[in-house]
**Student:** 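So that we are looking at the same thing, I have put the structure below in C-alpha coordinates.
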Amino acid sequence: ERIFIGDQVIRVDVQSEEQIQLLQALETSQEWELDFWLHPVSTELPVDIRVPRSSLSSVKDYLQAHSIPFSVMIDNLQELLDEEKAEMEVNRMR
Amino acid sequence: ERSTRSFNFGAYHTLDTIYSWMDTLVAEHPNLITKQEIGRSYENRPMYVLKFSTGGSNRPAIWIDTGIHSREWVSPATGVWTANKIATDYGTDASLTSLLNTMDIYLLILTNPDGYVYTHSNDRMWRKTRSRNSGSICRGVDPNRNWDAGFGGPGASSSPCSDSYRGPSAHSEIEVKNVVDLIKSHGNFKAFISVHAYSQLLMYPYGYTCTNVPHQAELDSIGRAAVQKLTSLYGTSYKVGSICKIIYQASGGSIDWSYNLGIKYSFAFELRDTGRYGFILPSNQIIPTASETWLALKHIMEYVRDHPY
(Lines give C-alpha, C1' and ligand atoms only; values in the text may rest on other atoms or scores of the structure.)
Protein backbone atom coordinates (compact mmCIF):
# COMPACT_ATOMS: atom_id res chain seq x y z
CA GLU A 1 0.00 0.00 0.00
CA ARG A 2 1.04 3.53 -0.54
CA ILE A 3 2.37 5.10 2.63
CA PHE A 4 1.76 8.72 3.55
CA ILE A 5 4.00 8.96 6.61
CA GLY A 6 4.91 12.57 7.24
CA ASP A 7 2.78 13.91 4.38
CA GLN A 8 0.98 17.06 5.38
CA VAL A 9 -2.08 18.81 4.03
CA ILE A 10 -1.66 22.53 4.20
CA ARG A 11 -4.39 25.09 3.80
CA VAL A 12 -3.75 28.41 2.12
CA ASP A 13 -6.28 31.18 2.51
CA VAL A 14 -5.50 33.04 -0.64
CA GLN A 15 -5.61 36.80 -0.32
CA SER A 16 -4.85 38.13 -3.79
CA GLU A 17 -4.86 37.32 -7.48
CA GLU A 18 -1.09 37.36 -7.42
CA GLN A 19 -1.06 34.60 -4.80
CA ILE A 20 -3.48 32.57 -6.89
CA GLN A 21 -1.10 32.82 -9.83
CA LEU A 22 1.84 31.76 -7.70
CA LEU A 23 -0.08 28.73 -6.48
CA GLN A 24 -1.19 27.92 -10.02
CA ALA A 25 2.48 27.89 -10.98
CA LEU A 26 3.05 25.35 -8.21
CA GLU A 27 0.16 23.30 -9.51
CA THR A 28 1.65 22.95 -12.96
CA SER A 29 5.06 22.04 -11.61
CA GLN A 30 5.54 18.32 -11.12
CA GLU A 31 8.81 18.65 -9.25
CA TRP A 32 7.36 18.47 -5.74
CA GLU A 33 4.61 15.93 -6.52
CA LEU A 34 1.90 18.06 -4.96
CA ASP A 35 -1.67 16.88 -4.79
CA PHE A 36 -4.10 19.78 -4.87
CA TRP A 37 -7.22 18.76 -2.93
CA LEU A 38 -8.74 22.18 -3.51
CA HIS A 39 -7.42 24.22 -6.40
CA PRO A 40 -6.29 27.85 -6.47
CA VAL A 41 -9.15 29.60 -8.21
CA SER A 42 -10.53 32.36 -6.06
CA THR A 43 -9.82 34.41 -3.00
CA GLU A 44 -13.15 33.20 -1.61
CA LEU A 45 -12.17 29.54 -1.43
CA PRO A 46 -9.28 27.98 0.47
CA VAL A 47 -6.57 25.97 -1.27
CA ASP A 48 -5.69 22.60 0.25
CA ILE A 49 -2.48 20.89 -0.86
CA ARG A 50 -1.21 17.47 0.11
CA VAL A 51 2.54 17.82 0.32
CA PRO A 52 4.78 14.75 0.41
CA ARG A 53 7.19 14.72 3.34
CA SER A 54 10.14 15.03 0.95
CA SER A 55 8.81 18.33 -0.42
CA LEU A 56 7.64 19.94 2.79
CA SER A 57 10.54 22.26 3.41
CA SER A 58 10.73 23.36 -0.24
CA VAL A 59 7.03 24.13 -0.41
CA LYS A 60 6.97 25.98 2.89
CA ASP A 61 10.03 27.99 1.84
CA TYR A 62 8.29 28.87 -1.42
CA LEU A 63 5.15 30.04 0.36
CA GLN A 64 7.08 32.03 2.94
CA ALA A 65 9.29 33.59 0.29
CA HIS A 66 6.19 34.92 -1.43
CA SER A 67 4.48 35.91 1.83
CA ILE A 68 1.65 33.47 1.26
CA PRO A 69 0.05 32.60 4.61
CA PHE A 70 -0.76 28.96 5.29
CA SER A 71 -1.64 26.62 8.11
CA VAL A 72 -1.18 22.90 8.55
CA MET A 73 -4.57 21.21 8.21
CA ILE A 74 -3.31 17.63 8.59
CA ASP A 75 0.01 17.17 10.31
CA ASN A 76 0.64 13.54 9.39
CA LEU A 77 -1.76 12.05 6.87
CA GLN A 78 -0.74 8.49 7.66
CA GLU A 79 -1.91 8.85 11.27
CA LEU A 80 -5.41 9.74 10.12
CA LEU A 81 -5.41 6.89 7.62
CA ASP A 82 -4.27 4.43 10.29
CA GLU A 83 -7.13 5.55 12.52
CA GLU A 84 -9.55 5.21 9.63
CA LYS A 85 -8.31 1.74 8.83
CA ALA A 86 -8.40 0.57 12.46
CA GLU A 87 -11.94 1.84 12.78
CA MET A 88 -13.00 -0.05 9.66
CA GLU A 89 -11.40 -3.20 11.01
CA VAL A 90 -13.26 -2.92 14.31
CA ASN A 91 -16.49 -2.34 12.46
CA ARG A 92 -15.92 -5.35 10.22
CA MET A 93 -15.28 -7.58 13.24
CA ARG A 94 -18.40 -6.29 14.94
CA GLU B 1 -29.10 -13.83 9.17
CA ARG B 2 -28.64 -10.26 8.06
CA SER B 3 -30.72 -7.16 8.36
CA THR B 4 -30.28 -3.53 7.33
CA ARG B 5 -31.05 -2.74 10.98
CA SER B 6 -27.70 -4.18 12.01
CA PHE B 7 -25.78 -2.34 9.32
CA ASN B 8 -23.61 0.49 10.57
CA PHE B 9 -24.42 3.53 8.45
CA GLY B 10 -21.91 5.57 10.40
CA ALA B 11 -18.93 3.66 9.05
CA TYR B 12 -17.00 3.39 5.83
CA HIS B 13 -17.33 0.06 4.06
CA THR B 14 -15.64 -1.88 1.31
CA LEU B 15 -17.23 -2.37 -2.10
CA ASP B 16 -18.06 -6.00 -1.29
CA THR B 17 -19.84 -5.00 1.91
CA ILE B 18 -21.84 -2.29 0.16
CA TYR B 19 -22.83 -4.61 -2.67
CA SER B 20 -23.85 -7.27 -0.17
CA TRP B 21 -25.85 -4.73 1.83
CA MET B 22 -27.68 -3.73 -1.37
CA ASP B 23 -29.02 -7.28 -1.62
CA THR B 24 -30.25 -7.07 1.95
CA LEU B 25 -31.96 -3.76 1.30
CA VAL B 26 -33.65 -5.10 -1.83
CA ALA B 27 -34.74 -8.23 0.03
CA GLU B 28 -36.34 -6.13 2.76
CA HIS B 29 -38.18 -3.87 0.29
CA PRO B 30 -39.00 -6.12 -2.65
CA ASN B 31 -41.98 -4.05 -3.75
CA LEU B 32 -40.01 -0.83 -3.89
CA ILE B 33 -36.40 -1.53 -4.80
CA THR B 34 -34.68 -3.47 -7.52
CA LYS B 35 -30.96 -3.80 -8.13
CA GLN B 36 -30.01 -3.45 -11.77
CA GLU B 37 -26.60 -4.12 -13.27
CA ILE B 38 -25.98 -1.32 -15.75
CA GLY B 39 -22.69 -2.69 -17.02
CA ARG B 40 -19.20 -3.55 -15.89
CA SER B 41 -16.22 -1.43 -14.92
CA TYR B 42 -12.84 -1.46 -16.65
CA GLU B 43 -11.69 -4.18 -14.25
CA ASN B 44 -14.94 -6.06 -14.82
CA ARG B 45 -16.69 -5.23 -11.59
CA PRO B 46 -20.47 -4.96 -11.85
CA MET B 47 -22.04 -1.52 -11.58
CA TYR B 48 -25.32 -1.67 -9.71
CA VAL B 49 -28.02 0.94 -9.65
CA LEU B 50 -30.79 0.81 -7.06
CA LYS B 51 -34.12 1.60 -8.67
CA PHE B 52 -36.86 2.84 -6.35
CA SER B 53 -40.18 2.41 -8.09
CA THR B 54 -43.76 1.76 -7.08
CA GLY B 55 -44.76 0.62 -10.52
CA GLY B 56 -45.79 2.13 -13.81
CA SER B 57 -43.90 2.08 -17.03
CA ASN B 58 -40.97 4.34 -17.80
CA ARG B 59 -42.10 6.91 -15.27
CA PRO B 60 -40.31 10.24 -15.06
CA ALA B 61 -37.22 9.63 -13.02
CA ILE B 62 -34.55 11.21 -10.86
CA TRP B 63 -30.92 10.18 -11.16
CA ILE B 64 -28.51 10.35 -8.23
CA ASP B 65 -24.92 9.17 -8.39
CA THR B 66 -22.31 9.07 -5.64
CA GLY B 67 -18.67 8.11 -5.56
CA ILE B 68 -17.52 9.10 -9.04
CA HIS B 69 -14.21 10.22 -7.51
CA SER B 70 -12.81 7.30 -5.58
CA ARG B 71 -11.19 9.08 -2.65
CA GLU B 72 -14.32 11.08 -1.77
CA TRP B 73 -15.51 8.37 0.62
CA VAL B 74 -18.22 10.37 2.30
CA SER B 75 -20.05 10.54 -1.03
CA PRO B 76 -20.88 6.81 -1.38
CA ALA B 77 -21.34 6.59 2.39
CA THR B 78 -24.01 9.26 1.99
CA GLY B 79 -25.45 7.26 -0.91
CA VAL B 80 -25.83 4.19 1.30
CA TRP B 81 -27.56 6.18 4.04
CA THR B 82 -29.79 7.88 1.47
CA ALA B 83 -30.87 4.59 -0.07
CA ASN B 84 -31.91 3.33 3.34
CA LYS B 85 -33.66 6.62 4.09
CA ILE B 86 -35.73 6.42 0.91
CA ALA B 87 -36.63 2.81 1.66
CA THR B 88 -37.65 3.40 5.26
CA ASP B 89 -39.45 6.71 4.70
CA TYR B 90 -41.58 5.45 1.85
CA GLY B 91 -45.03 4.87 3.29
CA THR B 92 -44.44 7.05 6.32
CA ASP B 93 -43.22 10.34 4.85
CA ALA B 94 -46.17 11.70 2.88
CA SER B 95 -44.09 13.84 0.55
CA LEU B 96 -41.61 11.13 -0.37
CA THR B 97 -44.45 8.67 -0.76
CA SER B 98 -46.28 10.96 -3.18
CA LEU B 99 -43.05 11.46 -5.09
CA LEU B 100 -42.49 7.74 -5.45
CA ASN B 101 -46.09 7.24 -6.47
CA THR B 102 -45.43 9.29 -9.60
CA MET B 103 -41.68 9.10 -10.19
CA ASP B 104 -38.81 6.65 -9.94
CA ILE B 105 -35.46 7.27 -8.28
CA TYR B 106 -32.27 5.69 -9.60
CA LEU B 107 -29.33 5.68 -7.21
CA LEU B 108 -25.85 4.65 -8.32
CA ILE B 109 -23.83 4.43 -5.10
CA LEU B 110 -20.44 3.33 -6.46
CA THR B 111 -20.01 5.09 -9.78
CA ASN B 112 -16.30 4.27 -9.93
CA PRO B 113 -15.98 0.79 -8.41
CA ASP B 114 -12.40 0.11 -9.53
CA GLY B 115 -11.17 3.37 -8.09
CA TYR B 116 -13.05 2.77 -4.86
CA VAL B 117 -11.47 -0.66 -4.41
CA TYR B 118 -8.07 0.83 -5.20
CA THR B 119 -8.48 3.41 -2.44
CA HIS B 120 -9.04 0.55 -0.01
CA SER B 121 -6.16 -1.60 -1.19
CA ASN B 122 -3.38 0.53 -2.64
CA ASP B 123 -3.74 4.29 -2.58
CA ARG B 124 -6.27 6.03 -0.36
CA MET B 125 -5.73 9.24 -2.33
CA TRP B 126 -6.64 7.81 -5.74
CA ARG B 127 -9.22 9.91 -7.59
CA LYS B 128 -9.60 8.56 -11.13
CA THR B 129 -10.68 5.34 -12.82
CA ARG B 130 -8.13 2.54 -13.22
CA SER B 131 -8.02 2.22 -17.01
CA ARG B 132 -4.71 1.92 -18.78
CA ASN B 133 -3.62 4.85 -20.95
CA SER B 134 -1.96 3.92 -24.19
CA GLY B 135 1.65 5.12 -24.34
CA SER B 136 1.78 6.18 -20.68
CA ILE B 137 2.80 4.53 -17.45
CA CYS B 138 0.11 6.55 -15.66
CA ARG B 139 -3.29 5.00 -15.24
CA GLY B 140 -6.78 6.36 -14.93
CA VAL B 141 -9.04 9.05 -16.29
CA ASP B 142 -10.93 11.65 -14.30
CA PRO B 143 -14.46 10.38 -14.87
CA ASN B 144 -15.85 13.83 -14.32
CA ARG B 145 -13.90 15.26 -17.26
CA ASN B 146 -14.87 12.48 -19.65
CA TRP B 147 -18.45 13.42 -20.55
CA ASP B 148 -19.46 14.80 -23.91
CA ALA B 149 -19.91 18.38 -22.75
CA GLY B 150 -17.23 20.77 -23.92
CA PHE B 151 -14.96 17.73 -23.90
CA GLY B 152 -11.31 18.68 -24.31
CA GLY B 153 -11.90 22.28 -23.37
CA PRO B 154 -10.41 24.32 -20.55
CA GLY B 155 -10.30 22.88 -17.05
CA ALA B 156 -9.31 19.38 -17.98
CA SER B 157 -5.90 17.92 -18.63
CA SER B 158 -4.65 16.11 -21.70
CA SER B 159 -1.88 14.49 -19.64
CA PRO B 160 -2.59 10.91 -18.52
CA CYS B 161 -0.57 11.54 -15.37
CA SER B 162 -2.80 14.38 -14.25
CA ASP B 163 -5.56 13.85 -11.71
CA SER B 164 -7.90 15.72 -14.05
CA TYR B 165 -6.98 13.77 -17.21
CA ARG B 166 -9.97 13.89 -19.53
CA GLY B 167 -9.27 10.64 -21.39
CA PRO B 168 -8.71 10.08 -25.11
CA SER B 169 -12.30 10.80 -26.13
CA ALA B 170 -15.69 11.59 -24.64
CA HIS B 171 -17.25 8.57 -22.92
CA SER B 172 -14.05 6.57 -23.38
CA GLU B 173 -14.42 5.39 -19.80
CA ILE B 174 -16.73 2.41 -19.61
CA GLU B 175 -18.06 3.60 -16.24
CA VAL B 176 -19.19 6.85 -17.87
CA LYS B 177 -20.55 5.13 -20.95
CA ASN B 178 -22.63 2.75 -18.83
CA VAL B 179 -24.38 5.69 -17.22
CA VAL B 180 -24.77 7.53 -20.54
CA ASP B 181 -26.33 4.47 -22.15
CA LEU B 182 -28.79 3.98 -19.30
CA ILE B 183 -29.87 7.62 -19.20
CA LYS B 184 -30.27 7.78 -22.98
CA SER B 185 -32.12 4.50 -23.31
CA HIS B 186 -34.47 5.42 -20.47
CA GLY B 187 -35.21 8.80 -22.01
CA ASN B 188 -37.39 10.16 -19.23
CA PHE B 189 -35.01 11.46 -16.56
CA LYS B 190 -36.08 14.83 -15.21
CA ALA B 191 -33.26 15.40 -12.73
CA PHE B 192 -29.61 14.41 -12.60
CA ILE B 193 -27.77 14.88 -9.32
CA SER B 194 -24.11 14.03 -8.81
CA VAL B 195 -22.66 13.94 -5.30
CA HIS B 196 -19.04 14.82 -4.60
CA ALA B 197 -16.98 15.90 -1.60
CA TYR B 198 -15.70 18.27 -0.17
CA SER B 199 -16.20 22.05 -0.52
CA GLN B 200 -19.74 22.63 0.68
CA LEU B 201 -21.16 23.72 -2.63
CA LEU B 202 -24.35 23.14 -4.56
CA MET B 203 -23.73 23.72 -8.22
CA TYR B 204 -25.58 23.75 -11.49
CA PRO B 205 -24.31 23.94 -15.13
CA TYR B 206 -22.18 25.05 -16.75
CA GLY B 207 -18.64 24.07 -15.92
CA TYR B 208 -17.15 24.10 -19.40
CA THR B 209 -18.17 27.67 -20.02
CA CYS B 210 -18.95 30.60 -17.77
CA THR B 211 -22.01 31.42 -19.87
CA ASN B 212 -25.29 31.24 -17.99
CA VAL B 213 -27.58 28.35 -18.79
CA PRO B 214 -31.07 29.36 -20.02
CA HIS B 215 -32.61 28.18 -16.73
CA GLN B 216 -29.98 29.86 -14.54
CA ALA B 217 -32.44 31.87 -12.46
CA GLU B 218 -34.66 28.89 -11.73
CA LEU B 219 -31.77 26.56 -10.90
CA ASP B 220 -30.20 29.18 -8.68
CA SER B 221 -33.45 29.68 -6.83
CA ILE B 222 -33.94 25.94 -6.32
CA GLY B 223 -30.34 25.59 -5.16
CA ARG B 224 -30.63 28.39 -2.63
CA ALA B 225 -33.85 27.02 -1.18
CA ALA B 226 -32.33 23.53 -0.98
CA VAL B 227 -29.25 24.83 0.79
CA GLN B 228 -31.39 26.79 3.24
CA LYS B 229 -32.96 23.51 4.30
CA LEU B 230 -29.58 21.77 4.47
CA THR B 231 -28.17 24.53 6.65
CA SER B 232 -31.17 24.43 8.99
CA LEU B 233 -30.01 21.14 10.51
CA TYR B 234 -26.48 21.86 11.73
CA GLY B 235 -25.68 25.30 10.36
CA THR B 236 -23.37 23.97 7.64
CA SER B 237 -22.80 26.80 5.19
CA TYR B 238 -22.94 26.15 1.47
CA LYS B 239 -22.33 28.28 -1.58
CA VAL B 240 -24.62 28.04 -4.59
CA GLY B 241 -23.80 28.84 -8.20
CA SER B 242 -22.67 27.52 -11.54
CA ILE B 243 -19.59 25.30 -11.54
CA CYS B 244 -17.63 27.78 -13.59
CA LYS B 245 -18.48 30.74 -11.43
CA ILE B 246 -18.08 29.29 -7.97
CA ILE B 247 -15.20 26.87 -8.45
CA TYR B 248 -13.47 26.90 -11.78
CA GLN B 249 -13.95 26.22 -15.44
CA ALA B 250 -14.05 22.45 -15.89
CA SER B 251 -14.96 20.76 -19.14
CA GLY B 252 -16.41 17.30 -19.64
CA GLY B 253 -18.47 17.26 -16.44
CA SER B 254 -21.48 15.03 -15.90
CA ILE B 255 -24.12 17.62 -15.08
CA ASP B 256 -23.20 19.73 -18.11
CA TRP B 257 -23.78 16.67 -20.23
CA SER B 258 -27.11 15.86 -18.57
CA TYR B 259 -28.30 19.45 -18.87
CA ASN B 260 -27.41 19.60 -22.56
CA LEU B 261 -29.24 16.32 -23.04
CA GLY B 262 -32.38 18.07 -21.84
CA ILE B 263 -32.40 17.18 -18.15
CA LYS B 264 -33.11 20.63 -16.81
CA TYR B 265 -32.71 19.91 -13.12
CA SER B 266 -29.02 19.01 -13.10
CA PHE B 267 -27.08 19.64 -9.91
CA ALA B 268 -23.80 18.66 -8.28
CA PHE B 269 -23.15 18.61 -4.56
CA GLU B 270 -19.82 19.03 -2.84
CA LEU B 271 -20.52 17.65 0.62
CA ARG B 272 -19.31 19.03 3.90
CA ASP B 273 -15.92 19.25 5.43
CA THR B 274 -15.09 20.51 8.88
CA GLY B 275 -12.12 22.39 7.49
CA ARG B 276 -9.73 19.92 9.05
CA TYR B 277 -9.95 16.58 7.29
CA GLY B 278 -10.64 16.97 3.57
CA PHE B 279 -11.09 13.54 2.03
CA ILE B 280 -10.48 11.84 5.39
CA LEU B 281 -13.72 13.02 6.96
CA PRO B 282 -14.12 10.98 10.17
CA SER B 283 -16.81 8.35 9.96
CA ASN B 284 -18.73 9.83 12.86
CA GLN B 285 -19.65 12.64 10.48
CA ILE B 286 -21.19 10.41 7.84
CA ILE B 287 -24.68 10.41 9.32
CA PRO B 288 -24.75 14.16 10.04
CA THR B 289 -23.49 14.79 6.50
CA ALA B 290 -26.04 12.48 4.93
CA SER B 291 -28.84 13.82 7.12
CA GLU B 292 -28.30 17.43 6.14
CA THR B 293 -27.75 16.50 2.49
CA TRP B 294 -31.03 14.62 2.49
CA LEU B 295 -32.93 17.82 3.26
CA ALA B 296 -31.48 19.50 0.18
CA LEU B 297 -31.91 16.43 -2.00
CA LYS B 298 -35.51 16.10 -0.91
CA HIS B 299 -36.20 19.73 -1.70
CA ILE B 300 -34.83 19.34 -5.21
CA MET B 301 -36.76 16.12 -5.78
CA GLU B 302 -40.01 17.66 -4.53
CA TYR B 303 -39.49 20.63 -6.80
CA VAL B 304 -38.96 18.30 -9.75
CA ARG B 305 -42.14 16.40 -8.86
CA ASP B 306 -44.13 19.64 -8.64
CA HIS B 307 -42.76 21.19 -11.83
CA PRO B 308 -43.16 18.65 -14.62
CA TYR B 309 -41.83 19.57 -18.04
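Order of the sequence lines fixes the chain letters, A, B, ..., with proteins taken first and strands second; residue numbering starts at 1 for each chain.
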**Student:** When rounded to the nearest 0.5 angstrom, what distance separates CD in A:Glu27 from OG in B:Ser164?
**Tutor:**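 Between atom CD of A:Glu27 and atom OG of B:Ser164 there are 8.0 Å.
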**Student:** For B:Thr17, which atoms come within 4.5 Å of any heavy atom of chain A: side chain, backbone, both, or neither?
**Tutor:**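 Neither part.
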**Student:** Please report the interatomic distance CG(A:Leu45) to OH(B:Tyr248), rounded to the nearest 0.5 Å.
**Tutor:**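 Nearest 0.5 Å value for the CG-OH distance: 10.5 Å.
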**Student:** Under a 4.5 Å heavy-atom cut-off, does chain B meet the side chain of A:Phe36, its backbone, both or neither?
**Tutor:**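 Contact with chain B: backbone only.
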**Student:** If we only count heavy atoms from C-beta on, is the A:Asp48 to B:Phe279 side-chain gap below 4.5 Å?
**Tutor:**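 They are not in contact (no side-chain heavy atoms under 4.5 Å apart), so the answer is no.
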**Student:** Is it the side chain or the backbone of A:Ile3 that comes within 4.5 Å of chain B heavy atoms, both, or neither?
**Tutor:**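 No part of A:Ile3 comes within 4.5 Å of chain B.
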**Student:** To the nearest 0.5 Å, how far apart are OG in B:Ser199 and CG in A:Leu38?
**Tutor:**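 If I round to the nearest 0.5 Å, the distance is 4.5 Å.
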**Student:** May I ask you to test the B:Gln249-A:Val41 pair for a side-chain heavy-atom distance under 4.5 Å?
**Tutor:**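 B:Gln249 vs A:Val41: side chains apart.
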**Student:** Distance from B:Ile280 atom CD1 to A:Leu80 atom CG, nearest 0.5 Å?
**Tutor:**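 B:Ile280 atom CD1 to A:Leu80 atom CG measures 6.5 Å (nearest 0.5 Å).
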**Student:** Could you tell me if the side chain of B:Arg276 sits less than 4.5 Å from the side chain of A:Arg11, heavy atoms only?
**Tutor:**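 They are not in side-chain contact.
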**Student:** Using side chain to side chain contact (heavy atoms under 4.5 Å, CB included), reason through A:Asp35 and B:Met125 one step at a time and then give a plain yes or no.
**Tutor:** CA-CA 9 Å; A:Asp35 173 13; B:Met125 290 300 112; 4.3 Å; yes
**Student:** Are side-chain heavy atoms of B:Trp73 and A:Glu84 found at a separation under 4.5 Å?
**Tutor:**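 When only atoms from C-beta onward are counted, A:Glu84 and B:Trp73 do touch, with a gap below 4.5 Å.
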**Student:** Is A:Glu33 atom CD crowded by more than 12 heavy atoms from other residues, nucleotides or ligands, each under 6.0 Å away?
**Tutor:**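 Not more than 12 within 6.0 Å, no.
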**Student:** For B:Arg71, is it the side chain, the backbone, both or neither that has a heavy atom under 4.5 Å from a heavy atom of chain A?
**Tutor:**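 Contact with chain A: side chain only.
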**Student:** Does B:Arg139, at its CZ atom, have more than 12 non-hydrogen atoms belonging to other residues, nucleotides or ligands within less than 6.0 Å?
**Tutor:**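 Yes, CZ of B:Arg139 has more than 12 neighbouring heavy atoms, counting only those of other groups under 6.0 Å.
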**Student:** Tell me if a side-chain donor or acceptor on B:Lys239 pairs with a main-chain N or O of A:Glu44 at a distance below 3.5 Å.
**Tutor:**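 Yes: the side chain of B:Lys239 pairs with the backbone of A:Glu44.
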**Student:** By a 4.5 Å heavy-atom criterion (distance strictly below it), what part of B:Trp126 contacts chain A: side chain, backbone, both, or neither?
**Tutor:**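 For B:Trp126, there is no contact with chain A at all, as no heavy atom is under 4.5 Å.
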**Student:** Heavy-atom count around A:Gln64 CD within 6.0 Å, excluding the residue itself: above 12?
**Tutor:**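 Counting neighbours around CD of A:Gln64, more than 12 heavy atoms of other residues, nucleotides or ligands fall under 6.0 Å, so yes.
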**Student:** Search all heavy atoms of A:Ile74 against all heavy atoms of B:Tyr277 and return the closest pair with its distance.
**Tutor:**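 Answer, listing the atom of A:Ile74 first, then B:Tyr277: CD1-O, 3.7 Å.
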**Student:** Step by step, work out the side chain to side chain contact (heavy atoms under 4.5 Å, CB included) result for B:His13 and A:Arg92.
**Tutor:** CA-CA 8 Å; B:His13 297 283; A:Arg92 194 176 302 128; over 6 Å; no
**Student:** Quick check for you: to the nearest 0.5 Å, what is the distance between A:Met88 atom CE and B:Thr14 atom OG1?
**Tutor:**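 These two atoms lie 6.0 Å from each other.
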**Student:** Which distance, rounded to the nearest 0.5 Å, do you find between the CD of A:Gln30 and the OG of B:Ser159?
**Tutor:**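 Atom-to-atom, A:Gln30:CD and B:Ser159:OG are 6.0 Å apart.
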**Student:** Do the side-chain N and O atoms of B:Ser283 and A:Glu87 include a donor-acceptor pair separated by under 3.5 angstrom?
**Tutor:**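 A pair is found: one side chain offers a donor N or O, the other an acceptor, under 3.5 Å apart.
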**Student:** For chain B, which of A:Lys85, A:Glu83, A:Arg50 has the most heavy-atom pairs under 4.5 Å?
**Tutor:**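 Highest number of heavy-atom pairs under 4.5 Å: A:Arg50.
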**Student:** Measure distances from B:Asp163 to the heavy atoms of chain A and classify the residue's part below 4.5 Å as side chain, backbone, both or neither.
**Tutor:**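 Only the side chain of B:Asp163 comes within 4.5 Å of chain A.
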**Student:** Examine whether an atom of B:Asp273 lies under 4.5 Å from a heavy atom of chain A, and if so say whether it belongs to the side chain, the backbone or both; otherwise answer neither.
**Tutor:**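 It is the side chain, since no backbone atom gets that close.
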